[in-house]
Each structure stands twice: as structure tokens, then as C-alpha cells.
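Notes for the one structure printed next.
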Amino acid sequence: MRNTSQLALAFATIERPHAVQRLIRSVRRYYPDLPVYVADQSQRIEPMTAFYGEMCVNVLRMPYDAGVCASINRLVLLRSSETKRFGPVEVV
Amino acid sequence: MAAAVFPEHLGRIGDTLLSGENCVNRLMQRAGLRIFFDPSIVVQHRIPASRLTRTWFRRRMFWQGVTMNLLNRYVEEQSAPLGLNCEEASTVWEEVLIPSSPAAWIDLFDDNSSSPFQEQLDTIEKLGYLLESQAVVVGR
């Protein structure tokens with residue numbers, strides 16, 4: 001496994017709990033210590049609270065439907081003091 | 001690039017089908033940064049049946065046109081202050097043909113039109129681009 005001490009995974013989501021769980025479980029299989037940040041704009045994130053805790057995910061609670069860009073911006077702000085480079089990943 | 005942020009007036013919010021969250025890629029290109037593409041990555045995308053209708057495709061293409069106009073303007077506005085190369089031209093349409101009769105408008109949304117569906121979508125996308133340039137698109 002490559003050194004991930006300088007990496008973090010941060011992404012935005014809304015109303016996709018099953019997709020988020022699949023992604024994070026998959027990431028944790030290979031990168032158990034990778035810092036993971038999720039900006040969740042879902043109406044209710046309480047059903048995900050236990051999962052996020054179990055997977056050591058840092059959750060940024062966003063207003064409902066705040067938007068992908070607003071969510072990513074908050075994540076960038078959150079990490080800006082300790083992150084030198086951001087690598088946006090586009091999955092199409 | 002530090003000054004650039006993701007534009008919060010773009011991207012999916014509410015019921016609109018705006019996109020353009022990836023505009024940072026355009027700015028990165030202008031800044032001479034590298035963008036990696038790995039064709040070996042396979043992604044399964046679950047598409048609900050509601051997004052496989054002609055009505056949805058028309059909505060999607062209209063908002064794609066709106067997005068392109070907003071996106072081009074954002075990239076241009078951000079490039080100069082960031083000292084980025086502005087020589088790379090944004091994709092624009094210099095001519096947008098507007099349906100000129102009620103029948104032509106109806107035909108644009110007719111599932112049984114004699115025009116190819118792709119042509120309908122192209123026209124609707126351009127109309128979205130044009131209407132956004134005139135600041136008359138509501139709902140966002």
C-alpha cells in the first residue's frame with residue numbers, strides 16, 4: 001500500500017446512503033487509516049450516524065440540498081489549513 | 001489556483017438540472033496543470049427509469065445549454081484575475097436558430113416528430129444557452 005499520510009478523501013453527497021456506505025466500506029478495506037470527510041446534504045443524516053462513527057468518518061452536516069459546490073467548498077475550507085493540494089476527481 | 005472555488009451557482013440544486021461542478025478542470029487546464037484520465041476505470045451508473053424518457057432528455061439538454069453559458073462566463077471571469085491563459089476559446093454558438101412558427105415549437109416537443117430526436121435535443125440545448133444569455137431562465 002502506498003503511503004497515504006498526506007492524503008484525505010472528501011466528497012459531497014445527498015440522499016444516497018447506500019452508495020455512500022458502499023464507497024466508504026470499499027475505501028476502508030484498502031485504506032483503513034485514510035481520513036475521510038463527507039459533506040452530507042441529506043434531509044436526515046441520523047440513520048447514517050452510527051455508520052459514520054463506526055467507519056471513523058468526519059461528517060460535515062450541510063443544509064438540505066445546499067448544492068454540490070457549496071458542500072465541496074466547505075470541505076476545502078475545513079481542510080485548507082492542513083492540505084496543500086487538492087485533487088478533484090470526476091467520475092462520469 | 002488558490003483563489004478559485006467551486007461556483008455555488010452551478011451544479012445540481014433543487015429541481016433544476018444545472019451541472020458544471022467540474023469547471024475547476026477548465027481552470028486547471030488553463031493554468032497548465034495536468035488532468036489524468038484512466039480509461040481502464042469502470043463505473044457502473046444506476047440510472048432510474050424516470051431518466052430514460054424523452055421528456056427527461058429534453059429537460060436535461062435545456063439545462064445543459066444553460067450550464068454551458070454560465071460555465072463559460074465563470075471560466076472567463078475567473079481566468080483573468082488568476083492570470084490564466086485566456087486564448088483557449090470556450091465553446092459557443094454564434095447562431096441559434098429559433099423555431100419560427102407555433103408548429104415548429106410543437107414539433108420540438110413532439111415524440112412523433114419527423115425530425116431526428118438528436119436534432120430536437122440540439123435545438124433545445126441551444127435555446128437553453130440563448131435564454132440564459134438573455135437572463136430569462138427562471139427556476140434557479
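- B:F57 and B:I124 are assigned to two separate hydrophobic clusters, defined by single-linkage of ILVMFWY side chains at heavy-atom distances under 4.5 Å.
- Clustering ILVMFWY residues whenever any of their side-chain heavy atoms sit less than 4.5 angstrom apart, transitively, puts B:L17 in a cluster other than the one holding B:M61.
- Heavy atoms only, all atoms of each residue included: A:N73 and B:F6 are closest at ND2-O, 2.7 Å.
- Residues A:I14 and A:V76 do not share a hydrophobic cluster, defined by chaining ILVMFWY side chains whose heavy atoms lie under 4.5 Å apart.
- With values rounded to the nearest 0.5 angstrom, A:Q41 atom CD is found 12.5 Å from B:R12 atom CZ.
- Heavy atoms closer than 4.5 Å to chain B are found nowhere in A:A19, neither backbone nor side chain.
- Within a 6.0 Å radius of CZ in A:R22, other residues, nucleotides and ligands contribute 12 heavy atoms or fewer.
- Hydrophobic clustering, with ILVMFWY side chains joined whenever heavy atoms are under 4.5 angstrom apart, keeps B:I47 apart from B:F117.
- Residues B:I13 and A:D65 approach most closely at CG2-O, 3.5 Å, considering heavy atoms.
- In terms of heavy-atom proximity, B:L10 sits nearest to A:C69 at O-SG, 3.6 Å.
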